[in-house]
2 protein chains.
Amino acid sequence: MDESKIVEVQKASQLLKLLGDKTRLTMMKLLQTHDCCVCEFVEIFKMSQPAISQHLRKLRDVGLVKEERRGQWIFYSINNKHEDYRFVESILNHLPEQDGLVDELEVQGLRISCN
Amino acid sequence: MDESKIVEVQKASQLLKLLGDKTRLTMMKLLQTHDCCVCEFVEIFKMSQPAISQHLRKLRDVGLVKEERRGQWIFYSINNKHEDYRFVESILNHLPEQDGLVDELEVQGLRISCN
DNA sequence: TGTTTATATAAGCATATGATTATATAATAT
DNA sequence: ATATTATATAATCATATGCTTATATAAACA
């Protein structure tokens, strides 16, 4: 009752279903602190490139993430302008940091950075 | 980061998947304020009794709800002792009250009350 | 220009999900 | 004891989901 922003049940269940997948939920948590490109996700999740692309598409289709080309890579980032961003954020804030996953990439020299 | 209780991603995604269904999410929101029996849900959701029973079973299987027999009815209630109750609660708190659904039952004389 | 690299999309497939119908169980009412 | 009422479970089925493989696209590079 005290929560800042009200989300209609229909909308909320749609968002929860999207987040109700381990891969996508981890992606979102990661994106809270790091923009990532597709190939980084492929490494992190040890999952095929199409599989990753398809998860990102679902997140993008509802506007939870944005894509932006940087050089030869396409980077994904959290869309904090999303109408229900506060709702999503409050969920992600209950999850443990996933920075370790990105750190591993760094160690392996697989982290993409193009600023 | 400021959220009280940390939920592992695996566990969180499982819970979110459960809540990522309009019927179950509404059930949980309703149960925040009213214990309900199966036949009330059947009326509220205009859904078959087995369909309702199966949704409740999923919620019960992960311990989000408890069941208790009262006379000829079996009432369901929120299990606020659930390990991740705070997490779930914080989600439900973003949703609009669903009391109207129970009020309708009352009007139709279909509200079950046995105290 | 042609090749490589990064990503997206399409088609196909196995499994998961949510509903239905039919039936079982268990308490209540007659 | 039997019938009724409330609920659960099982079997079935259509649709959704998430992955794979194959292919398209589009920028970067030689």
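To find a chain, count down the sequence lines: A is the first, B the second, and so on, and within it residues start at 1. Note that this is a predicted model, so its numbers are computed, not measured.
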B/Gln32 side chain to B/Lys29 side chain, donor-acceptor N/O pair below 3.5 angstrom: yes
Strictly below 4.0 Å: does A/His55 bring a side-chain N or O up to OP1 or OP2 of D/dT17? no
With a 4.0 Å cut-off on heavy atoms, is B/Gln72 in touch with a base, just the backbone sugar-phosphate, or nothing at all? sugar-phosphate
May I ask you to evaluate whether B/Ser48 reaches the phosphate of C/dT20, defined as a side-chain N or O under 4.0 Å from OP1 or OP2? yes
Quiz question: going by heavy-atom distance under 3.5 Å, is there a donor-acceptor pair between the base of C/dA8 and the side chain of A/Gln49? yes
Protein-nucleotide distance (B/Leu25, atom CG; C/dT17, atom C1'), rounded to Å: 17 Å
If you apply the rule side-chain hydrogen bond (donor to acceptor under 3.5 Å, both in side chains), what do you find for A/Ser13 with B/Asp21, and how did you get there? CA-CA 5 Å; A/Ser13 62; B/Asp21 174 278; over 6 Å; no
Ion pair B/Glu68/B/Lys66, N-O distance below 4.0 Å: no
With B/Gln98 as partner, the option from B/Leu31, B/Thr26, B/Leu25 fulfilling side-chain contact (heavy atoms from CB on, under 4.5 Å) is B/Thr26
Specify the separation, in whole Å, of atom CZ of A/Arg69 and atom P of C/dA8. 9 Å
May I have the distance from B/Ile52 (atom CD1) to C/dG18 (atom C1'), rounded to whole angstrom? 12 Å
From CG of B/Asp21 over to P of C/dT17, roughly how many Å is that when rounded to an integer? 11 Å
List the atom pairs, donor and acceptor, that lie under 3.5 Å between side-chain atoms in residues 53-64 of chain A and the rest of the protein, sequence neighbours left out.
from, atom 1, to, atom 2, distance (Å)
A/Ser53, OG, A/Gln49, NE2, 3.2
A/His55, ND1, A/Arg24, NH1, 3.0
A/Arg60, NH1, A/Glu67, OE1, 2.5

Nucleotide D/dA6, atom P - distance to CD of B/Glu40 in whole Å: 11 Å
Given atom CE of A/Met47 and atom P of D/dT17, what is their separation to the nearest angstrom? 17 Å
What contact category does B/Tyr76 fall into here, base, sugar-phosphate, or nothing, at under 4.0 angstrom with non-hydrogen atoms? sugar-phosphate
Of all the nucleotides listed (C/dG18, D/dA8, D/dA22), which has the minimum atom distance to the side chain of B/Lys58? C/dG18
Both A/Thr23 and B/Leu56 contact DNA chain D. Taking the nearest nucleotide for each, which residue is further toward the 5' end? B/Leu56
note: A/Trp73, atom CH2; D/dA28, atom P; distance rounded to Å ~ 10 Å
What's the closest nucleotide to the side chain of A/Pro50 if the choices are D/dC19, D/dT21, D/dT7? D/dT21
If only side-chain N and O atoms of A/Arg57 are considered, is one of them under 4.0 Å from the OP1 or OP2 phosphate oxygen of D/dG18? no
Quick one: which of C/dA19, C/dT17, C/dA10 gets closest to the side chain of B/Lys17? C/dT17
Using a 4.0 Å heavy-atom cut-off across all strands, classify A/Lys22 as base, sugar-phosphate, or nothing. nothing
Could you give the CD-to-C1' distance, from A/Glu68 to D/dA27, as a whole number of Å? 15 Å
A/Arg70 side chain near D/dA27 phosphate (N/O to OP1/OP2, under 4.0 Å): no
A/Ala51 has its side chain closest, among D/dG18, D/dT20, C/dT20, to D/dT20
Let me see the working for B/Asn80 and B/Glu89 under side-chain hydrogen bond (donor to acceptor under 3.5 Å, both in side chains), right down to the final yes or no. CA-CA 9 Å; B/Asn80 52 22; B/Glu89 190 185 29; over 6 Å; no
Which nucleotide wins on minimum distance to the side chain of B/Ile74, given the candidates C/dT7, D/dA8, D/dT9? D/dA8
C/dA8 base / A/Gln54 side chain donor-acceptor hit below 3.5 Å: no
